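Only one structure is covered here, and it is reproduced in the block below.
Within every chain, numbering begins at 1; the chains are lettered A, B, ... in the order of the sequence lines, protein sequences first and strands thereafter. Quick caveat, the model's predicted, so the values are computed rather than measured.
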Amino acid sequence: MLATIAGMTRLIAGIDFERPAHEVARKLIGVTVLVDGVGGRIVETEAYDREDPASHAFTGRSERNFAMFGPPGHAYVYRSHGLHWCLNFVCMEDGHGAGVLIRALEPVKGLDAMHARRKFDDVHILCAGPGRLCQAMAVTRAHNAMALDAPPFELRARTGRVQVVAGPRIGISKAVDVPWRFGLANSPYLSKPFR
DNA sequence: CTTAGGATCGCCT
DNA sequence: GGCGATCCTAAGC
């Protein structure tokens with residue numbers, strides 16, 4: 001399943017989603033994501049690979065996770081604990097679906113709308129967590145499998161350099177030591193600090 | 001500041 | 001029937 005012809009790879013905000021999830025997760029730090037013009041700069045991500053026991057794709061395709069199996073550059077939105085929505089960007093390498101969980105944003109656009117949806121939370125908490133940022137941007141199942149390079153989504157390439165830190169992923173019980181959580185160093189908008 | 005429990009539902013065993 | 005890629009609140013130290 002090679003959609004890539006040398007030099008002809010289609011990029012979204014400078015990102016090639018036909019790369020390993022951990023590589024895409026690292027490169028997404030500093031990229032701005034907007035949904036209907038509301039959102040911010042990505043400061044925290046986690047990679048979930050096809051061969052990864054912690055990944056929803058690990059046990060195969062289902063009604064919930066089909067978006068993870070492609071195409072790349074689309075959204076995978078799932079419900080967590082029966083309550084919260086979580087947003088992933090789908091990656092593919094050699095036809096294997098994988099995802100990058102968006103874990104935290106630095107709020108940039110549409111602050112009023114996000115504060116209103118989040119009961120006027122402090123700006124440092126507003127998008128600090130996968131469930132919180134989905135509530136702030138009003139992401140739901142309706143966004144599942146949508147393309148990231150078309151409305152309501154908009155991705156903007158990062159400008160300038162960023163210092164990225166890595167560590168173990170949060171809230172999982174399998175593959176606990178895999179260091180596939182990435183963050184913008186010293187950002188005050190992380191869901192949890194890196195140590 | 002740290003920890004514990006509840007909410008709530010679709011998927012997997 | 002069990003258990004989450006979570007979040008909020010309340011209580012304890």
A:Arg181 near the nucleic acid: base, sugar-phosphate alone, or nothing, with a heavy-atom cut-off under 4.0 Å? nothing
Given a 3.5 Å cut-off on both pairing distances, which stems involving DNA chain C, each at least three consecutive Watson-Crick or G-U pairs, are present, if any? B:1-7 with C:6-12, B:9-12 with C:1-4
Under 4.0 Å between a side-chain N/O of A:Ser62 and OP1 or OP2 of B:dC12, yes or no? yes
Just N and O in the side chain of A:Arg79: are any of them under 4.0 Å from OP1 or OP2 of C:dG4? no
Under a 4.0 Å heavy-atom cut-off, which of residues 54-61 of chain A touch DNA chain C? A:Ala54, A:His56
Are A:His81 and the base of C:dT6 stacked, counting only ring centres nearer than 5.5 Å and planes tilted under 30°? yes
Exercise: do A:Gln135 and A:Arg118 side chains pair donor with acceptor under 3.5 Å: yes
Contact class for A:Asn88 (heavy atom, under 4.0 Å): base, sugar-phosphate, or nothing? base
A:Ser173 side chain, from C-beta outward: closest of C:dT6, C:dG4, B:dA7: C:dG4
If you compare every side-chain N and O of A:Arg64 against the phosphate oxygens of B:dC9 (OP1, OP2), does one of them come in below 4.0 Å? no
Which part of the nucleic acid does A:Arg169 contact within heavy-atom distance under 4.0 Å: base, sugar-phosphate only, or nothing? nothing
Does this structure show an ion pair linking A:Arg169 with A:Asp52, if we count only N-O contacts that are shorter than 4.0 Å? yes
Electrostatic pair A:Arg19:A:Glu93 at N-O distance under 4.0 angstrom: no
Answer with base, sugar-phosphate or nothing: what part of the nucleic acid does A:Ile172 contact at a heavy-atom distance below 4.0 Å? sugar-phosphate
Can you tell me which nucleotide in C:dT6, C:dC8, C:dA5 comes closest to the side chain of A:Arg118? C:dC8
Ring centroid separation for A:Tyr189 and A:His124, is it under 6.0 angstrom? yes
Any side-chain donor near an acceptor of the partner, A:Arg41 and A:Thr32, under 3.5 Å: no
